[in-house]
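In what follows, a single structure is set out as structure tokens and then discussed.
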Amino acid sequence: MRNNMYLALDFSTWKEAKTFIDVHQFQGIPVKVGMELFYREGPQLIENLKQDNHDVFLDLKLHDIPTTVMKAMKNIANLKVDMVNVHALGGGEMIKRAKEGLNSGSSTHETKLIAVTILTSMDDTTLNKELNLGGSMKDNVVRLADTANKNGADGVVCSVQEAKEIKDVCGSSFLTVTPGIRLQDSNGNDQKRIATPALARKNDADFLVVGRTVTNALDPKSAYEKVQEEWRNGIK
Ligand code: C5P
């Protein structure tokens with residue numbers, strides 16, 4: 001399954017996001033909405049995007065006690081987005097209840113539940129020294145993916161580097177959503193585990209999340225098309 005690439009709408013307001021979409025002719029492409037924009041604009045933003053024919057990945061990364069997450073997901077279900085996420089570090093019970101909440105909303109629309117493993121902005125130092133988690137990055141990411149899979153998640157957010165091993169353990173239909181995507185020579189910014197779209201293709205990632213490599217490019221439209229071309233066909 002390799003069918004989608006979500007553009008991260010990391011803007012402060014709907015007005016800014018909409019101007020960016022219109023100016024660079026990104027009408028109707030799949031988009032990812034994160035905390036910055038959602039906390040400003042609220043659920044109406046999702047309505048606006050859907051009216052403009054955008055598929056939406058709602059990236060709110062819930063992480064709380066299982067009951068709170070379950071109830072929040074019940075409300076999120078009514079927004080009828082493609083995907084929503086939780087932190088896998090919230091544990092198996094929280095993931096299970098998140099899925100229960102999504103399924104118990106009044107909508108018949110299916111929203112995929114995705115669990116964030118270890119953020120792509122973290123490296124071995126953050127993992128081993130700050131969080132005091134033993135083992136390699138890959139081992140930790142794969143273990144969290146396995147927990148997510150066993151508790152009803154449809155897939156995980158991970159880096160491109162871990163996508164293949166996750167499929168080996170969780171099965172090929174378990175989705176891998178990969179941020180930290182950079183065109184060759186792009187700035188990594190705060191991301192540590194970055195990869196090119198071509199490597200994402202090679203490692204069988206299902207979905208790309210693409211942000212600053214496009215939004216900060218001098219020509220966002222051509223950067224987007226370049227990512228899409230590498231993602232679909234590799235580097236020629
Ligand atoms: O600009 P860049 O491509 O680094 O943006 C990545 C986007 O993906 C950001 O919106 C960030 O919040 C999001 N994200 C991430 N790592 C995750 C989940 C989401 O970078 N594990």
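Computed from heavy atoms alone, side chains included, the values below leave out hydrogens, waters and symmetry copies. First listed ligand is number 1; within each ligand, the first listed atom is number 1.
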Could you check whether atom NZ of Lys50 has more than 12 heavy atoms from other residues, nucleotides or ligands sitting under 6.0 Å from it?
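Yes.
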Check ligand 1 against [X] and write out every atom of the ligand that is under 4.0 Å from a heavy-atom position of the residue.
{"X": "Val116", "result": "21 (N)"}
{"X": "Arg212", "result": "1 (O), 2 (P), 3 (O), 4 (O)"}
{"X": "Val209", "result": "7 (C), 8 (O)"}
{"X": "Thr120", "result": "15 (C), 16 (N), 20 (O)"}
{"X": "Val157", "result": "17 (C), 18 (C), 21 (N)"}

So between Ser121, Pro179, Ser186, whose heavy atom ends up nearest atom 17 (C) of ligand 1?
Pro179
Looking at non-hydrogen atoms alone, which of Arg193, Lys61, Arg182, Met122 comes nearest to atom 12 (O) of ligand 1?
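When every heavy atom of Arg193, Lys61, Arg182, Met122 is considered, Lys61 comes closest to atom 12 (O) of ligand 1.
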Which residue holds the protein heavy atom closest to atom 11 (C) of ligand 1, what is that atom called, and what is the gap in Å?
Lys32 NZ, 4.0 Å
Distance alone, cut at 3.5 Å: any donor-acceptor contact between the side chains of Glu41 and Thr13?
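Result is no, nothing qualifies.
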Is there a side-chain contact between Leu113 and Asn85 in this structure, where contact means two heavy atoms from C-beta onward sitting under 4.5 Å apart?
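They are not in contact (no side-chain heavy atoms under 4.5 Å apart), so the answer is no.
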Distance-minimising heavy-atom pair for Ser104 and Lys74
OG-CG, 3.5 Å
Pick one: which of Asp206, Asn203, Asp204 meets side-chain hydrogen bond (donor to acceptor under 3.5 Å, both in side chains) with Lys167?
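The option that passes is Asp206.
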Partner of Arg182 under side-chain hydrogen bond (donor to acceptor under 3.5 Å, both in side chains), picked from Thr196, Asn189, Thr213, is Asn189
Under a heavy-atom criterion of less than 4.0 Å, does Asn189 contact ligand 1?
no
With a 4.0 Å cut-off on heavy atoms, is Asp10 touching ligand 1?
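True for this residue.
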Could you give the distance from CG (Asp82) to OG1 (Thr111), rounded to the nearest 0.5 Å?
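Answer for the CG-OG1 pair, Asp82 versus Thr111, is 7.5 Å.
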On the 0 to 90° scale, with breaks at 30° and 60°, tag the Phe57-Tyr6 ring pair as parallel, tilted or perpendicular.
perpendicular
Applying a heavy-atom cut-off of 4.0 Å, say which part of Gln191 lies close to ligand 1: side chain, backbone, both or neither.
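It is the side chain that gets close, since no backbone atom is under 4.0 Å.
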Considering only heavy atoms, does Asp59 approach ligand 1 within less than 4.0 Å through its side chain, its backbone, both, or neither?
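It is the side chain that gets close, since no backbone atom is under 4.0 Å.
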Short N/O distance, under 3.5 Å, between Gly211 and ligand 1?
yes
I'd like to know if the side chain of Arg193 and the backbone of Met122 have a donor-acceptor N/O pair within less than 3.5 Å.
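Side chain of Arg193 to backbone of Met122: a pair is present.
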